[in-house]
Amino acid sequence: MKKFLAILLAAIMVLGLCSFASAEVKTYKVGVAIYQYTDNFMTLYRNEIEAYFKTLETDDVKYEVMPADGKNDMAEQIILNLVQTSSADAVIDEIVAAGIPLVLINREPLGDNGDESYEGILNNPQVCYVGADARQSGTFQGEMVCELDNHGDINGDGKISYVMIEGDPENVDAQYRTEFSIKALKDAGYEVECLDDQVGNWDQTKGQELCANALNIYGDKVEVVFCNNDAMALGAATAIVAAGRTVGEDIYLLGVDALEDAVEKVKIGEMTGTVLNDHIGQSHAAVDVAVKLLNGEEIQNYYWIDYVKVNKAYVDAM
Ligand code: GAL
C-alpha cells in the first residue's frame, strides 16, 4: 500500500483550487503539488506557474499559490485524498467530489487502451490535462540524428549503435521518448543496435554514472547517447569528456528539456541537440485553464503544447 501511494504521489501533480473573498478583494488559493522539488525541469515549471499567476492579479483578484510541502491545508487535503484511494480514478473522483477542480500537469495518465483518453479526465468537466506529447520529443531526438551527415553511423558499419538513459520508467515521458527516438531512426530506414538501456530517473549524477559505465564497457562502439532529459544528458556530457571522447566527432549526445546549460552545450558543440520542453507555454496554459475553472467557464479535457527541436542550427539562429 505504502509503495503504491508513493508511486501515486510521484505520478500525479495537481493544481487544487479553492477561493475565499474578503471585502472587495477576492483571493483564490491555489494548491500546487509537484512530485519532486529537486527536479530541474519541474523547478522551472513551478516557478513560472507562480510568476504567471502574479501577472494575472488585479486590484480585485489575487492568487495565493500554496506549494505542496505537506505543511499547508491544501497540500494536506490533496495528500489525504491520495492516501484514501486505490487508483488514479479514485483520486480524481475524491478531489472532484470535494469541489476542487483539477489541472493535471506534466505526467499524462493513460487510458485503459494505452492512449490519451483517460476516462477520469474525459468524464469530468472540471478535470483536465495540460502537457506536451512525449512521442514528439522522442521523434525529434531521433530526427536530429538522422539529419547528421553520417546519420549517427560514425564508424560506417551500417548501423547506429546507441546507449539509452531513461527517466522514471513509470512516467509516460520516459516510455515514449525511449520508444520514439529509436522509431524515428528505424522509420528513416536505418539499422540500430542498442548497446545499453538503463534507468537514470531524470537525475544528473545517475546520468553521469550510467554513461561512464557504458563508455567503459562498450568504448568506441558507442556512437549515440540518448538521454530522456537534459539533466541526465548534462551528466552524460561530463562522462563523455572524462572518457576522452568528443561530441560531434566520435560520439553524439541528445537530451530533452532545453535547460539553459544544455542549450549552451549545444551552442558550443558539447551536445548534439536537445528538445524544448516548453515550461512557459505549459505553465501558462495550466494557469489559464485554472483561472477558467475558477470562473466557472467550460474547459477542454486536454491541452497540448508543442515541443521544439533544438540543434546547433536552431541555437545559432536564436
Ligand atoms: C519531463 C522532463 C523531465 C522531468 C519529468 C518529471 O517532462 O523532461 O526532466 O522533469 O518531466 O516528470
Side-chain angles (χ1 to χ4, degrees), residues 134-169 171 173-257 262 265-266 268-275 307 309-314:
R135 284 170 286 213
Q136 189 186 37
S137 53
T139 302
F140 283 173
Q141 283 190 312
E143 284 179 1
M144 284 190 280
V145 172
C146 296
E147 287 157 12
L148 296 164
D149 288 345
N150 59 11
H151 53 80
D153 182 12
I154 295 170
N155 57 22
D157 67 350
K159 56 185 191 237
I160 304 166
S161 305
Y162 69 92
V163 168
M164 181 67 68
I165 303 185
E166 298 192 31
D168 170 5
N171 187 321
D173 286 2
Q175 294 161 18
Y176 278 157
R177 287 174 193 166
T178 299
E179 181 186 345
F180 281 77
S181 51
I182 303 310
K183 184 173 182 301
L185 303 178
K186 290 186 187 160
D187 287 353
Y190 300 122
E191 207 182 304
V192 297
E193 176 190 31
C194 178
L195 297 171
D196 201 9
D197 187 334
Q198 302 283 340
V199 171
N201 276 320
W202 307 123
D203 182 73
Q204 183 159 345
T205 312
K206 201 80 192 130
Q208 182 175 342
E209 262 170 46
L210 293 173
C211 185
N213 197 34
L215 291 174
N216 193 24
I217 298 172
Y218 301 102
D220 289 348
K221 279 193 180 158
V222 182
E223 296 174 305
V224 183
V225 179
F226 286 103
C227 296
N228 283 172
N229 78 342
D230 278 349
M232 298 189 296
L234 290 170
T238 307
I240 286 172
V241 172
R245 304 284 293 271
T246 309
V247 170
E249 287 179 22
D250 56 26
I251 196 161
Y252 295 111
L253 173 62
L254 288 300
V256 175
D257 282 340
K265 287 211 179 302
V266 173
I268 61 177
E270 289 180 11
M271 271 177 68
T272 310
T274 178
V275 181
Y307 284 99
K309 234 184 249 186
V310 179
N311 54 13
K312 178 108 169 71
Y314 179 91

Inset, instruction - Verify the neighbour count for atom NZ of K312: are there more than 12 heavy atoms of other residues, nucleotides or ligands below 6.0 Å? - result: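 Counting other residues, nucleotides and ligands, NZ of K312 exceeds 12 neighbours.
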
Side chain [X], main chain [Y], donor-acceptor under 3.5 Å:
{"X": "D153", "Y": "G158", "answer": "yes"}
{"X": "R245", "Y": "V222", "answer": "yes"}
{"X": "T272", "Y": "L253", "answer": "yes"}
{"X": "N229", "Y": "M232", "answer": "yes"}
{"X": "D157", "Y": "K159", "answer": "yes"}
{"X": "Q208", "Y": "A236", "answer": "no"}
{"X": "N213", "Y": "E209", "answer": "no"}

Legend entry - V275 and Q141, any side-chain heavy atoms less than 4.5 Å apart: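 Side chain of Q141 against side chain of V275, heavy atoms only: contact under 4.5 Å found.
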
Inset, instruction - State, with a plain yes or no, whether a side-chain heavy atom of V225 is found less than 4.5 Å away from one of C227. - result: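 Side-chain contact under 4.5 Å: yes.
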
Inset, instruction - Run the salt-bridge test on K265 and E270 with the 4.0 Å N-O cut-off and return the result as yes or no. - result: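 Judged by the 4.0 Å cut-off on N to carboxylate O distance, K265 and E270 do form a salt bridge.
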
Inset, instruction - May I ask you to say whether E166 pairs ionically with K206, meaning some side-chain N is under 4.0 Å from a carboxylate O? - result: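 Answer for the salt bridge query: no.
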
Where do [X] and [Y] come nearest, in terms of heavy atoms and distance?
{"X": "E223", "Y": "G156", "answer": "OE2-N, 4.5 Å"}
{"X": "A188", "Y": "C146", "answer": "CB-SG, 3.7 Å"}
{"X": "A231", "Y": "W202", "answer": "CB-O, 3.4 Å"}
{"X": "G255", "Y": "A233", "answer": "CA-CB, 3.9 Å"}
{"X": "A262", "Y": "D230", "answer": "CB-OD2, 3.1 Å"}
{"X": "L185", "Y": "G142", "answer": "CD2-O, 3.5 Å"}

About how many Å separate [atom2] of [Y] and [atom1] of [X], when rounded to the nearest 0.5 Å?
{"X": "I240", "Y": "I251", "atom1": "CD1", "atom2": "CD1", "answer": "4.0 Å"}
{"X": "K186", "Y": "E191", "atom1": "NZ", "atom2": "CD", "answer": "10.5 Å"}
{"X": "Y218", "Y": "L195", "atom1": "OH", "atom2": "CG", "answer": "6.5 Å"}
{"X": "N155", "Y": "I160", "atom1": "CG", "atom2": "CD1", "answer": "11.0 Å"}
{"X": "L210", "Y": "D196", "atom1": "CG", "atom2": "CG", "answer": "7.5 Å"}
{"X": "T274", "Y": "L234", "atom1": "OG1", "atom2": "CG", "answer": "8.5 Å"}

Is it the case that the side chains of [Y] and [X] hold a donor-acceptor pair, with the cut-off being a distance below 3.5 Å and no angle test?
{"X": "D173", "Y": "Q175", "answer": "no"}
{"X": "N171", "Y": "Y176", "answer": "no"}
{"X": "N228", "Y": "T178", "answer": "yes"}

Legend entry - Steps toward side chain to side chain contact (heavy atoms under 4.5 Å, CB included) verdict (V224, V163): CA-CA 6 Å; V224 183; V163 168; over 6 Å; no

Inset, instruction - Could you label the plane-to-plane angle of the Y162 and F226 rings as parallel, tilted or perpendicular, counting under 30° as parallel and over 60° as perpendicular? - result: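 Y162 and F226: perpendicular rings.
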
Inset, instruction - Start with the C-alpha distance between L254 and F140, add both sets of side-chain angles, then the distance that settles side chain to side chain contact (heavy atoms under 4.5 Å, CB included), and finish with yes or no. - result: CA-CA 10 Å; L254 288 300; F140 283 173; over 6 Å; no

Legend entry - Pair N150-Y252, side chain to side chain donor-acceptor pair (under 3.5 Å): steps then yes or no: CA-CA 11 Å; N150 59 11; Y252 295 111; 3.1 Å; yes

Legend entry - Stepwise side chain to side chain contact (heavy atoms under 4.5 Å, CB included) check, Q198 with M164: CA-CA 6 Å; Q198 302 283 340; M164 181 67 68; over 6 Å; no

Inset, instruction - Given side chain to side chain contact (heavy atoms under 4.5 Å, CB included), test Q136 with R177 step by step and report yes or no. - result: CA-CA 8 Å; Q136 189 186 37; R177 287 174 193 166; over 6 Å; no

